[in-house]
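Please read all numbers here as calculations on a predicted model, not as lab measurements. All heavy atoms count here, side chains included; hydrogens, waters and symmetry mates do not.
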Amino acid sequence: MSPIQLGVEEHNDPEELVEAISLIVPEKEEEIMTAAQKLWSRGMREGEQKGELLGRRRGRQQGRREGRQEGRQLGLQEGLQQGMQQGLQASKLGIARKMLQDNLPGGQISKWTGLDLAQIDEIRGGL
């Protein structure tokens, strides 16, 4: 084993550090190894907890992104559908108005436009 410089530098391998400390104080080797194992276990637990928190955060972020995207798509679809229905209804009302101006009967207008007689009477009242 090469000589090890004790310290907190990142280049020191933890296992080599534990081994070096055990060589310095051989009568405490068992205690040193037990402490090292406890530290390792604690580090693993903390790493798992941090990983779990990070995973949850990323999951929430992904869920929000997907939710926003899905919401936009649904909003666009509903908006287009509603706009088309309103446009079609406006067209029917315009056609019915012209048919009423040509004095066509309400039943015939209803049959051709799909409007009910109450709607046609409402248009007639507005002429």
* Asked: Quick one: does Arg57's side chain get under 4.5 Å of Leu54's, heavy atoms only?
  -> yes

* If we only count heavy atoms from C-beta on, is the Gln77 to Leu74 side-chain gap below 4.5 Å? -> yes

* To do: Report yes if some heavy atom in the side chain of Leu115 is under 4.5 Å from a heavy atom in the side chain of Ile123; otherwise report no.
  => yes

* Ser41 side chain vs Gln37 backbone, donor-acceptor pair below 3.5 Å -> yes

* Asked: Can you check whether Leu76 reaches Arg72 side chain to side chain, under 4.5 Å on heavy atoms?
  -> no

* Asked: How long is the gap from CE on Met44 to CZ on Arg42, to the nearest 0.5 Å?
  -> 14.0 Å

* For Leu117 against Gly107, the heavy-atom pair lying closest together -> CD2-N, 3.9 Å

* With a 4.5 Å heavy-atom cut-off, do Leu88 and Gln85 have their side chains touching? -> no

* To the nearest 0.5 Å, how far apart are CD1 in Ile32 and CD in Glu27? -> 8.0 Å

* Any donor-acceptor pair under 3.5 Å from Thr34 side chain to Glu30 backbone -> yes

* Structure fact -> Rounding to 0.5 Å, atoms CD1 (Ile120) and CE (Met99) come to a distance of 8.0 Å

* Asked: For atom CD of Glu122, is the number of surrounding heavy atoms from other residues, nucleotides or ligands below 6.0 Å larger than 12?
  -> no

* Check the side chains of Gln62 and Glu66 for a donor-acceptor pair under 3.5 angstrom, ignoring hydrogens and angles. => yes

* Check the hydrophobic clustering (I, L, V, M, F, W, Y; side-chain heavy atoms under 4.5 Å; chains of links allowed) and say if Leu104 and Ile95 are grouped together. => yes

* Structure fact -> When rounded to the nearest 0.5 Å, the distance separating CD1 of Ile21 from CE of Met33 is 11.0 Å

* Asked: How long is the span from the NZ atom in Lys92 to the CD atom in Gln119, to the nearest 0.5 Å?
  -> 8.5 Å

* Starting at CD of Gln101, measure out to CG of Asn103 and round the result to the nearest 0.5 Å. => 9.5 Å

* Using a 4.5 Å cut-off on heavy atoms from C-beta on, say whether the side chain of Glu48 contacts that of Glu52. => no

* Asked: If every non-hydrogen atom of Ala96 is compared with every non-hydrogen atom of Ile109, which pair is closest and at what distance?
  -> CB-CG2, 3.7 Å

